[in-house]
There are 2 protein chains.
Amino acid sequence: MLTERQLFLLRALVDDYISTAEPVGSRAIAKREDVNYSPATIRNDLADLEEMGFLEKTHTSSGRIPSEKGYRFYVDHLVSPVLLTAREMQSIKKAFTDMYYEVEKVIQETAKIMSDFTNYTAIAMGPELNDTKLKHIQIIQLNAEKAIMIIVTDTGHVESRTISLPKKVSARDIEKLINILNQKLKNVPVFQLKTKIEKEIKKVLNKHIENYEQILSILDEALSYHPLDQIYYGGKNNILAQPEFRDVDKFLPLLNALEEKETIYELLRSPSSGINIKIGHENNLVAIKDCSVITASYSMGGEHMGTVAVIGPTRMAYPRVITLMEVISRKLTHLLTELY
Amino acid sequence: MLTERQLFLLRALVDDYISTAEPVGSRAIAKREDVNYSPATIRNDLADLEEMGFLEKTHTSSGRIPSEKGYRFYVDHLVSPVLLTAREMQSIKKAFTDMYYEVEKVIQETAKIMSDFTNYTAIAMGPELNDTKLKHIQIIQLNAEKAIMIIVTDTGHVESRTISLPKKVSARDIEKLINILNQKLKNVPVFQLKTKIEKEIKKVLNKHIENYEQILSILDEALSYHPLDQIYYGGKNNILAQPEFRDVDKFLPLLNALEEKETIYELLRSPSSGINIKIGHENNLVAIKDCSVITASYSMGGEHMGTVAVIGPTRMAYPRVITLMEVISRKLTHLLTELY
DNA sequence: GTTAGCACTCTGGTTTAATGAGTGCTAATT
DNA sequence: AATTAGCACTCATTAAACCAGAGTGCTAAC
């Protein structure tokens with residue numbers, strides 16, 4: 001069990017290390033005005049904290065730095081809530097009101113805002129199409145072989161695909177097809193489209209259109225949604241300003257990982273809602289073993305829509321980022337819900 | 001005027017420096033099997049070349065490296081064409097045949113290919129909409145205030161914008177509007193849409209639709225095209241592997257410049273067609289003063305469509321990259337022309 | 001339980017010296 | 001007249017040596 005003083009010292013040390021990025025020694029802590037213990041006393045406690053695994057030393061006679069376990073404890077029990085200044089709140093508010101109307105643009109812009117306010121790298125994912133509903137479907141023929149299929153959802157998301165038409169489809173058939181699809185599929189949740197087509201549309205089409213099978217198979221393929229297209233970054237290179245990433249070998253894997261949207265997608269798919277914090281190895285991704293990831297989910301009219309995240313060194317300004325993420329996910333949710 | 005031997009030595013030195021990244025001394029050149037001059041002779045010529053501004057020294061007693069003027073001369077007069085291996089050609093061909101059908105995807109993929117084959121950073125821009133023609137325009141109402149406007153071009157490009165509807169527009173009016181627009185604007189080059197609307201459509205609309213002015217103003221804004229959305233990267237971090245960019249201060253401005261699409265757009269808007277090479281300061285952008293940019297334009301059915309580029313250190317493997325760019329822009333043009 | 005004192009450890013920066021690659025110049029050679 | 005050998009000199013790089021400073025752990029005193 002940790003004593004009051006140990007708790008206090010652990011917090012003080014982590015706070016200090018977060019802001020200086022230098023190992024913290026007993027003397028440095030003792031010098032703080034709110035501390036009345038002598039360096040020696042502090043040393044004893046720090047030694048205990050180290051023994052318990054909350055702290056580490058970079059070498060035998062260095063000051064101490066928090067271990068991952070230390071950060072975890074700090075995040076779970078010691079973060080004191082930080083208030084943003086009125087100025088900052090104002091500035092965030094402004095950023096969110098000046099925005100475009102398109103959902104994608106909003107998400108994209110949010111990533112920028114997050115990175116600007118945290119000075120870390122921000123990632124925004126989504127919107128996921130899960131529960132959005134089909135608003136309109138359209139096929140526009142380009143030439144004898146090719147056509148564009150466009151799908152619009154009720155959230156204003158537009159997906160388009162080029163499809164190659166089977167040989168024996170007439171313009172009339174396509175028109176019929178569109179009419180049927182729109183009639184039957186309007187307001188169907190996007191993720192149900194495929195099964196719905198399979199179950200209900202097939203028969204109807206059969207009656208009206210020749211060659212419907214080939215069209216359907218293409219439709220089917222065209223309906224697969226790529227969530228990887230919906231990943232936006234802000235301040236991608238901010239991480240390079242952090243002293244722990246001075247070395248090329250340190251940040252190159254990280255930068256490369258950021259480029260792999262698959263990896264990022266897996267990393268951020270947040271299991272729970274609300275704020276989520278993963279520290280270092282908790283992320284299960286070697287490239288970011290020295291980073292922490294803080295995610296927050298946002299929604300739209302109560303439906304979970306996507307995730308925003310900030311990625312920084314494990315020595316991250318947790319308190320600030322946490323409050324910031326809370327504010328931003330709230331604002332984002334609010335804005336999106338209001339928009340549609 | 002340069003003597004034969006000086007020409008030869010300049011080429012040899014640049015070649016050598018390109019592959020080793022180390023200043024090249026007289027002895028190193030003398031050792032080459034195709035060289036029969038003594039180091040002293042070579043030294044004299046190198047001194048002359050330096051005096052003429054083609055070479056530089058990193059310090060008084062170092063070997064020499066090419067100056068920008070040296071690279072320029074090398075590129076203009078000394079590059080010996082390089083042949084790609086059959087294997088490589090095969091591999092490029094394969095990459096281009098495995099591709100998606102969408103133009104955007106093709107461009108995107110091309111950036112990847114270029115970076116993979118050069119190990120530098122690749123950028124692909126376009127397609128520019130200049131001469132593509134409108135195929136279809138559509139407005140889909142989402143709710144009382146919002147609608148999506150979708151524009152499809154004959155190259156299969158889809159642009160969509162969210163627009164907010166004026167209060168007093170009925171669904172019927174919108175339908176009318178779309179019909180008129182499609183009727184009048186089909187096959188009009190995209191860049192003429194605005195003026196065409198201004199000149200011809202206004203009157204027609206006036207007759208049929210109330211409140212047409214508000215709609216038009218929105219339409220007008222929605223029609224502005226953002227070429228910045230059409231910039232794709234490949235191997236963004238490849239540049240970090242180059243020894244000249246070991247230092248954070250060296251590559252950070254570069255990486256940041258890459259993130260600014262405005263900047264990149266200005267940088268790559270190639271004036272001429274064909275292959276274009278800009279060396280170091282010729283680029284007029286401090287962030288890439290130590291880089292060279294090789295651009296190539298591609299087209300579609302004879303119409304210029306966009307630009308692809310490779311950006312690497314001034315010490316770039318020019319011969320190889322040049323041939324590679326030629327091959328790729330040809331393949332790309334071919335593929336796109338065939339697709340539509 | 002807390003603190004002062006002290007010996008000990010390790011880092012980081014600075015100095016010194018040695019090595020080696022490369023040059024420019026002069027004089028000899030072809 | 002052009003080329004080359006020889007040599008003194010320069011500068012960067014590396015390793016070793018050294019020193020100062022920050023910090024610890026431990027013991028003994030408070």
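Just so it is clear: chains get the letters A, B, ... in the order the sequence lines come, proteins before strands, and each one is counted from 1. Everything numeric in this text was worked out from a predicted model, so none of it was measured.
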message = At less than 4.0 Å, is any side-chain N or O atom of B/Arg64 found next to OP1 or OP2 of C/dA21? Yes or no.
response = no
In this structure, how many angstroms lie between the [atom2] atom of [N] and the [atom1] atom of [X], rounded?
X       : N      : atom1 : atom2 : result
B/Glu51 : C/dT23 : CD    : P     : 15 Å
B/Arg5  : D/dA1  : CZ    : P     : 16 Å
A/Leu55 : D/dT24 : CG    : P     : 11 Å
B/Asp45 : C/dT23 : CG    : P     : 13 Å
B/Gln6  : D/dA2  : CD    : P     : 12 Å
B/Ile65 : C/dG22 : CD1   : C1'   : 14 Å
A/Lys57 : C/dT9  : NZ    : P     : 13 Å

ask   = Taking only residues two or more places apart in sequence or in another chain, which ones pass salt bridge (charged side-chain N to carboxylate O under 4.0 Å, His left out) with B/Glu326?
value = none
What residues form a side-chain hydrogen bond (donor to acceptor under 3.5 Å, both in side chains) with [X], not counting sequence neighbours?
X        : result
A/Ser91  : none
A/Ser26  : A/Arg43
B/Ser61  : none
B/His281 : B/Glu68

ask   = Which atom names give the shortest non-hydrogen contact between A/Ser292 and A/Met316, and what distance separates them?
value = O-CE, 3.3 Å
query = So which pairs with a foot in residues 245-258 of chain B pass side chain to side chain donor-acceptor pair (under 3.5 Å), sequence neighbours left out?
reply = A/Asn237-B/Asn256
ask   = So A/Tyr233 and B/Tyr233, ring pair (Phe, Tyr, Trp, His ring centres under 6.0 Å) or not? Walk me through it.
value = CA-CA 14 Å; A/Tyr233 295 93; B/Tyr233 296 92; over 10 Å; no
Between protein and nucleic acid, restricted to nucleotides 10-19 of chain D and to nitrogen or oxygen atoms under 3.5 Å apart, what atom pairs and distances do you find?
residue	atom	partner	partner atom	Å
D/dT10	O3'	B/Thr60	OG1	3.1
D/dT10	O2	B/Ser61	OG	2.4
D/dC11	OP1	B/Thr60	OG1	3.2
D/dC11	O5'	B/Thr60	OG1	3.3

ask   = Considering residues at least two apart in sequence or located in another chain, which fulfil the side-chain contact (heavy atoms from CB on, under 4.5 Å) criterion with A/Ala28?
value = A/Asp16, A/Val24
query = Taking DNA chain C as the partner, which of residues 12-44 of chain A come within under 4.0 angstrom of it by heavy atom?
reply = A/Asn36, A/Tyr37, A/Ser38, A/Ala40, A/Thr41, A/Arg43, A/Asn44
